[in-house]
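What follows is a short report on a single structure.
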Amino acid sequence: MPTRRPIRFAVPLAACLLAGAAATAAVAQDVARDIPYASPAAPRQVLDVHAPAGARELPVVLWIHGGGWQAGDKTDVQAKPSFFTERGFVFVAPNYRLLPHVEMDELVRDVARAAGWVHRNIAGRGGDPARIFVMGHSAGAQLAALLCTDERHLAAEGVPFTALAGCVPCLLY
């Protein structure tokens, strides 16, 4: 049986509040928007990557937006990209298809596909594919928790469960 690193769940309210806090010091960022993570990609199967300028082998935050599975957008991240990049993370915000246009299993598959893209491609944008923190708010918290507790979703996208460094599902912020 393969050895697995335990997934660290960090659910304290303080962590969720910090995720929404405004950053204090400006750091130059490289931002790439609307990168398709599926092939062929539906219009919502895209993600944005925010990285500190010159980033190399930094841990990655994969932030899944909320919206009751029927609304929301990757651009709803407010100050989170700056907050995390100023603290030495690469920040990735995917969109995913929404209810009622697709079934719930497709939402989960979209988020897993985004995680697969991150694992395969983030090194080229300064991130470490072996240190991914999956985070999300509200509906995004539920999707994050699914990815972090049922390795079948990630395995279907070629992502080893050991690539997850932590999970932070935030219900409030």
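Of all heavy-atom pairs between Leu154 and Ala115, the closest is CD2-CB, 3.7 Å. The two residues Ala71 and His65 make their nearest non-hydrogen contact at O-CE1, 3.5 Å. Residue Gly166 comes nearest to Cys148 through the heavy atom pair O-SG, 4.4 Å, listed as atom of the first residue, atom of the second, then distance. Shortest non-hydrogen contact noted between Leu58 and Ala55 is CD1-CB, 3.6 Å. When every heavy atom of Pro43 is checked against every heavy atom of Val46, the shortest pair comes out as O-CG2, 3.8 Å. Taking every heavy atom of both residues into account, Pro59 and Gly88 meet most closely at CD-O, 3.4 Å.
With hydrophobic clusters built from ILVMFWY side chains whose heavy atoms lie under 4.5 angstrom apart, Val31 does not share a cluster with Leu62.
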Arg44 vs Asp73, side-chain contact (heavy atoms from CB on, under 4.5 Å): CA-CA, chis, key distance, verdict: CA-CA 9 Å; Arg44 289 193 56 87; Asp73 189 83; 3.6 Å; yes

Criterion side-chain contact (heavy atoms from CB on, under 4.5 Å) on Val92 and Val61, from CA distance to verdict: CA-CA 6 Å; Val92 180; Val61 169; over 6 Å; no

Phe91/Val77 under side-chain contact (heavy atoms from CB on, under 4.5 Å): CA gap, chis, key distance, verdict: CA-CA 10 Å; Phe91 185 90; Val77 293; 3.9 Å; yes

Worked verdict on Ile35 versus Arg125 for side-chain contact (heavy atoms from CB on, under 4.5 Å): CA-CA 12 Å; Ile35 301 167; Arg125 299 189 181 269; 3.7 Å; yes

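With rounding to the nearest 0.5 angstrom, the NZ atom of Lys74 is 16.0 Å from the CH2 atom of Trp63. For the atom pair Arg33 CZ and Asp48 CG, the distance stands at 5.0 Å (nearest 0.5 Å). Separating the NE2 atom in His153 from the CZ atom in Arg113 is a distance of 13.0 Å, to the nearest 0.5 Å. Between the CG atom of Leu143 and the CE atom of Met135 there is a distance of 15.5 Å, given to the nearest 0.5 Å. Rounded to the nearest 0.5 angstrom, Leu147 CG and Gln142 CD are separated by 9.5 Å. Distance check: Leu164 CG to Glu151 CD gives 9.5 Å after rounding to the nearest 0.5 Å.
Looking at heavy atoms from C-beta onward, Pro52 lies out of side-chain contact with Glu86 at the 4.5 angstrom threshold. Contact check for Tyr37 versus Pro94: side-chain heavy atoms found under the 4.5 Å cut-off. In this structure, Val118 and Val60 have side chains that are in contact, with non-hydrogen atoms separated by less than 4.5 Å. Between Val134 and Val168 there is no side-chain heavy-atom pair separated by less than 4.5 Å.
One finds no salt bridge joining Arg56 and Asp128 here, because no Lys/Arg side-chain nitrogen approaches an Asp/Glu carboxylate oxygen to under 4.0 Å.
No donor-acceptor distance shorter than 3.5 angstrom exists from the side chain of Arg109 to the backbone of Asp105, with no hydrogens or angles considered.
Gln45 and Asn95 are not linked by any side-chain donor-acceptor pair at a separation below 3.5 angstrom, with hydrogens and angles left out of the test. If you check the side chains of Trp117 and Glu157, you find no donor sitting under 3.5 Å from an acceptor.
Checked against the 6.0 Å centroid criterion, the rings of Phe89 and His50 do not qualify as a close aromatic pair.
For the pair Arg87 and Phe83, the distance from NZ or CZ to the six-membered ring centre is under 6.0 Å and the angle to the ring normal is within 45 degrees.
The 12-atom threshold is not exceeded at CD of Glu103, counting heavy atoms of other residues, nucleotides or ligands nearer than 6.0 Å.
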